[in-house]
Engineer: 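Let me begin by handing over the structure; questions about it come next.
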Amino acid sequence: MAEAKQLSGAGLRGQSAGETALCTVGQSGSGLTYRGYDIKALADQVEFEEVAYLLLYGKLPNVQELQDYKARLKSMRGLPAALKTVLEQIPANAHPMDVMRTGCSMLGNLETEADFGQQHQHIDRMLAVFPSIINYWYNFAHYGKRIETETDADSIGEHFLWTLHGKQPDPLHVKVMHASLILYAEHEFNASTFTARVCASTLSDIHSCITGAIGSLRGPLHGGANEAAMAMISQWQTPDEAEDAIMGMLARKDKIMGFGHAIYRDSDPRNAIIKAWSKQLSEQVGDTVLFPVSERVEAVMWREKKLFCNADFFHASAYHFMGIPTELFTPIFVCSRVSGWAAHVIEQRANNRIIRPSADYTGPDERPVPGLEDRD
Ligand SMILES: CCC(=O)SCCNC(=O)CCNC(=O)[C@H](O)C(C)(C)COP(=O)(O)OP(=O)(O)OC[C@H]1O[C@@H](n2cnc3c(N)ncnc32)[C@H](O)[C@@H]1OP(=O)(O)O
Ligand SMILES: O=C([O-])CC(=O)C(=O)O
């Protein structure tokens with residue numbers, strides 16, 4: 001069994017910043033569990049709504065609970081008129097993660113969390129409405145279409161694809177969305193979740209916690225890596241071309257997006273799962289370029305640097321094969337990770353102390369303030 005990665009140094013690496021009952025990451029080098037359930041079993045056997053319920057309500061739902069939960073989420077997909085108005089003001093060249101951030105924040109103005117007793121209602125609302133927010137804006141900004149966001153879709157993943165493409169999606173794509181949303185749902189004290197917990201620790205409202213988390217997820221070293229990986233692999237027409245380009249990038253010490261991880265040492269357990277779905281989708285669309293290119297990049301990175309694909313890398317091709325525009329990849333991550341973020345906010349609130357670490361000071365010794373005319 002692989003050992004856990006040796007963690008130390010900058011970026012608070014290896015320092016415990018609190019307790020959680022939600023998730024273990026990399027305890028055996030490459031394991032991942034949500035409330036004790038292995039990620040592979042979850043991705044193989046359940047729907048995303050069951051995982052969201054597990055994270056948020058503490059147990060896997062039974063048949064009745066799942067039915068009720070899905071019905072509740074389905075009833076919460078509509079957008080308030082004032083939110084539509086705001087979304088319609090955002091230009092087509094805005095980054096969709098900025099749209100998510102604004103959409104979440106505006107929702108907090110319209111449906112403010114007045115006290116923490118309402119937290120579950122607001123969290124369920126965000127889970128239900130985030131796909132509506134991004135796809136309402138996307139269709140309006142790019143095609144001038146005001147889409148209907150109250151679809152008959154049975155799940156959040158199906159609702160996302162339906163509102164994006166304006167039609168009931170292929171059942172295979174719905175399955176892939178369940179797996180993808182499950183893989184992205186939760187990951188302990190990663191940067192965006194930690195942002196949410198820091199915000200929660202000040203006793204702020206749930207929309208502020210999630211808005212801040214969206215901002216942290218946006219960066220290419222975190223959730224934005226799936227889009228960056230797509231931009232990279234779509235440049236290459238053959239595996240050989242990809243290999244030459246990767247060798248050049250490594251020689252220049254460029255970062256290869258979708259590779260490496262702050263915690264895992266020799267693999268990310270989510271990679272094999274999303275890679276298998278990407279392969280199946282590649283066969284469905286008759287792809288002969290993107291999947292072979294991706295596999296070659298994976299092989300070269302391992303051969304040259306012992307760096308492995310993280311969850312983002314094969315998400316790029318998988319989403320692409322389902323006709324999802326690249327700039328919507330990270331917003332899908334938001335539609336999933338909001339479940340983990342919110343579960344952490346609930347956990348933080350239940351046993352709170354304001355998060356306020358210290359810093360090692362590296363500035364000048366104490367000194368007098370010079371008068372304005374005495375300064376350089
Ligand atoms: C699924 C959601 C996620 O957020 S997963 C992460 C998504 N981000 C990416 O894919 C961006 C590319 N990867 C990276 O920037 C890093 O691997 C991240 C994920 C930030 C982890 O950083 P950190 O913990 O500092 O890495 P490390 O200590 O293991 O680095 C060891 C040495 O390897 C290098 N390295 C790491 N990743 C890459 C990479 N993708 N491409 C090229 N080189 C990489 C590091 O620079 C470091 O090198 P050195 O020892 O400083 O010379
Ligand atoms: O855990 C991390 O550092 C990054 C993350 O959110 C993930 O891999 O899902």
Side-chain angles (χ1 to χ4, degrees), residues 4-15 17 20 22-27 29-34 39 42-43 51 55 97 179-197 213-233 245-275 294 297-298 300-316 318-319 329-341 343-344:
K5 184 172 172 175
Q6 290 309 306
L7 299 168
S8 61
L12 295 178
R13 199 70 82 258
Q15 296 177 38
T20 184
L22 291 166
C23 175
T24 59
V25 175
Q27 281 197 344
S30 61
L32 173 60
T33 62
Y34 297 168
I39 191 66
L42 290 171
V51 165
L55 294 170
M97 283 297 279
S180 166
L181 296 174
I182 289 170
L183 298 181
Y184 271 150
E186 162 55 11
H187 221 244
E188 201 221 32
F189 277 26
N190 62 84
S192 55
T193 300
F194 197 58
T195 304
R197 283 193 83 127
I214 293 170
S216 288
L217 189 71
R218 185 190 195 290
L221 296 189
H222 192 9
N226 54 15
E227 295 176 28
M230 185 66 215
M232 181 180 74
I233 56 180
I246 288 287
M247 294 300 285
M249 290 171 80
L250 290 176
R252 291 190 300 277
K253 299 208 175 307
D254 290 349
K255 275 268 165 84
I256 314 297
M257 294 305 172
F259 284 83
H261 199 274
I263 306 295
Y264 298 122
R265 195 182 67 160
D266 52 18
S267 67
D268 178 332
R270 300 165 294 183
N271 179 51
I273 302 168
I274 193 62
K275 182 178 172 183
S294 302
V297 174
E298 181 181 35
V300 173
M301 286 297 286
W302 185 254
R303 184 188 74 208
E304 296 296 320
K305 289 280 172 193
K306 295 285 171 282
L307 280 168
F308 52 88
C309 300
N310 59 48
D312 277 332
F313 188 68
F314 277 96
H315 260 105
Y319 286 166
F329 290 3
T330 321
I332 301 178
F333 198 155
V334 172
C335 294
S336 160
R337 187 61 63 91
V338 63
S339 60
W341 292 332
H344 278 273

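Remember, it's a predicted structure, so these values are computed and weren't measured experimentally. Each ligand, and each atom within it, is numbered from 1 in the order the structure gives.
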Engineer: Please check this pair: side chain of Ser192 against backbone of Ala213, looking for a donor-acceptor N/O pair closer than 3.5 Å.
Structural biologist: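 No.
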Engineer: Taking all heavy atoms of Phe313 and all of Gly258, pick out the closest pair and write down the distance.
Structural biologist: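 Shortest heavy-atom contact: CB-O, 3.4 Å.
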Engineer: Flag Phe259 as yes when one of its N or O atoms lies below 3.5 Å from any N or O atom of ligand 1, and as no otherwise.
Structural biologist: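 Among all N and O atoms of Phe259, at least one is under 3.5 Å from an N or O of ligand 1.
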Engineer: Quick check for you: to the nearest 0.5 Å, what is the distance between Phe194 atom CZ and Glu188 atom CD?
Structural biologist: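 Going from CZ on Phe194 over to CD on Glu188, the span is 10.5 Å.
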Engineer: When you compare ligand 1 with Tyr184, is there at least one nitrogen or oxygen pair between them that comes in under 3.5 angstrom?
Structural biologist: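 No.
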Engineer: Is there a polar contact, in the sense of an N or O pair closer than 3.5 Å, between Asp312 and ligand 1?
Structural biologist: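 Asp312 vs ligand 1: no N/O contact under 3.5 Å.
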Engineer: Using non-hydrogen atoms of the residue, decide whether Pro220 is closer than 4.0 angstrom to ligand 1.
Structural biologist: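 The answer is yes, since Pro220 has a heavy atom less than 4.0 Å from ligand 1.
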Engineer: Please list, by chain and number, the protein residues whose heavy atoms come under 4.0 Å of ligand 2.
Structural biologist: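 Lining ligand 2: His187, Asn190, His222, His261, Arg270, Arg337.
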Engineer: List the steps, then state whether side-chain hydrogen bond (donor to acceptor under 3.5 Å, both in side chains) holds for Asn226 with Tyr184.
Structural biologist: CA-CA 12 Å; Asn226 54 15; Tyr184 271 150; 3.2 Å; yes
Engineer: Have Tyr319 and Ser180 got a donor and an acceptor in their side chains that come within less than 3.5 Å?
Structural biologist: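 Indeed, the side chains of Tyr319 and Ser180 share at least one donor-acceptor pair under 3.5 Å.
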Engineer: Going by distance only, is there an N or O of Leu250 that falls short of 3.5 Å from an N or O of ligand 1?
Structural biologist: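 Among all N and O atoms of Leu250, none is under 3.5 Å from an N or O of ligand 1.
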Engineer: How about His187 and His261: are their ring centres within less than 6.0 Å of each other?
Structural biologist: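 Under 6.0 Å, so yes.
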Engineer: Please check whether Arg270 reaches ligand 1 - meaning an N/O of the residue sits under 3.5 Å from an N/O of the ligand, judged on distance alone.
Structural biologist: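 It does not: no N or O of Arg270 is found under 3.5 Å from an N or O of ligand 1.
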Engineer: Would you say Ile263 touches ligand 1, if touching means a heavy atom closer than 4.0 Å?
Structural biologist: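 So Ile263 does not count as touching ligand 1.
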Engineer: For the pair Thr20 (side chain) and Leu22 (backbone), establish whether a donor and an acceptor sit closer than 3.5 Å, ignoring hydrogens and angles.
Structural biologist: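 At least one qualifying donor-acceptor pair exists.
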Engineer: For Met257, take its heavy atoms, then give the atoms of ligand 1 lying under 4.0 Å from any of them.
Structural biologist: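 Every atom of ligand 1 under 4.0 Å from some heavy atom of Met257: 10 (O), 11 (C), 12 (C).
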Engineer: List the atom of Tyr34, the atom of Ala185, and the distance in Å for their closest heavy-atom pair.
Structural biologist: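 Minimum heavy-atom separation between Tyr34 and Ala185: OH-N, 3.6 Å.
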Engineer: May I ask you to identify, for Asn310, whether its side chain, its backbone, both or neither come under 4.0 Å of ligand 1 on a heavy-atom basis?
Structural biologist: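 The answer is the side chain of Asn310.
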Engineer: Taking a cutoff of less than 4.0 Å between a non-hydrogen atom of the residue and any ligand atom, is Arg13 in contact with ligand 1?
Structural biologist: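 A heavy atom of Arg13 does come that close to ligand 1.
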Engineer: Under 4.0 Å from a heavy atom of Ala225: give me the atoms of ligand 1 that qualify, with their elements.
Structural biologist: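 Per the distance check, 7 (C), 8 (N), 9 (C), 10 (O).
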Engineer: Answer yes or no: does an N/O atom from Phe333 fall short of 3.5 Å to an N/O atom of ligand 1?
Structural biologist: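 No: no nitrogen or oxygen of Phe333 is under 3.5 Å from one in ligand 1.
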Engineer: At less than 4.0 angstrom from any non-hydrogen atom of Asp254, what atoms of ligand 1 do you find?
Structural biologist: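 Matching atoms, with element in brackets: 42 (C).
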Engineer: Any idea which atoms of ligand 1 are less than 4.0 Å away from a heavy-atom of Gly260?
Structural biologist: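 Within the 4.0 Å cut-off of Gly260, ligand 1 contributes 17 (O), 19 (C).
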Engineer: Below 4.0 angstrom from a heavy atom of Ile256, which ligand 1 atoms are there? Numbered from 1 as shown, please.
Structural biologist: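 Going through ligand 1 atom by atom, the ones under 4.0 Å from Ile256 are 12 (C), 39 (C), 40 (N), 41 (N), 42 (C).
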Engineer: Is the shortest N/O to N/O distance between Gly258 and ligand 1 below 3.5 Å?
Structural biologist: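 Checking ligand 1 against Gly258, an N or O pair does fall under 3.5 Å apart.
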Engineer: For the residue pair Glu186 and His344, confirm or rule out a side-chain donor-acceptor distance under 3.5 Å.
Structural biologist: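 Distance-only check passes for Glu186 and His344.
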Engineer: Is there a donor-acceptor pair closer than 3.5 Å between any side-chain N or O of His315 and the backbone N or O of Ala311?
Structural biologist: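 Indeed, once roles are kept as given, a pair shorter than 3.5 Å links the two residues.
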Engineer: What heavy-atom pair brings Asp312 and Gly223 nearest, and what distance separates the two atoms?
Structural biologist: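 So the two residues come closest at OD2-O, 3.9 Å.
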Engineer: When you check the side-chain N and O atoms of Thr195 and Ser216, is any donor under 3.5 Å from an acceptor?
Structural biologist: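 Ser216 and Thr195 do have a side-chain donor-acceptor pair below 3.5 Å.
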Engineer: When rounded to the nearest 0.5 angstrom, what is the spacing between CD in Gln27 and CG in Leu32?
Structural biologist: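 These two atoms lie 10.5 Å from each other.
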Engineer: Would you be so kind as to tabulate the donor-acceptor pairs closer than 3.5 Å made by side chains of residues 301-309, with sequence neighbours excluded?
Structural biologist:
residue, atom, partner, partner atom, Å
Arg303, NH1, Glu243, OE2, 3.0
Arg303, NH2, Glu243, OE2, 3.0
Lys306, NZ, Trp302, O, 3.4

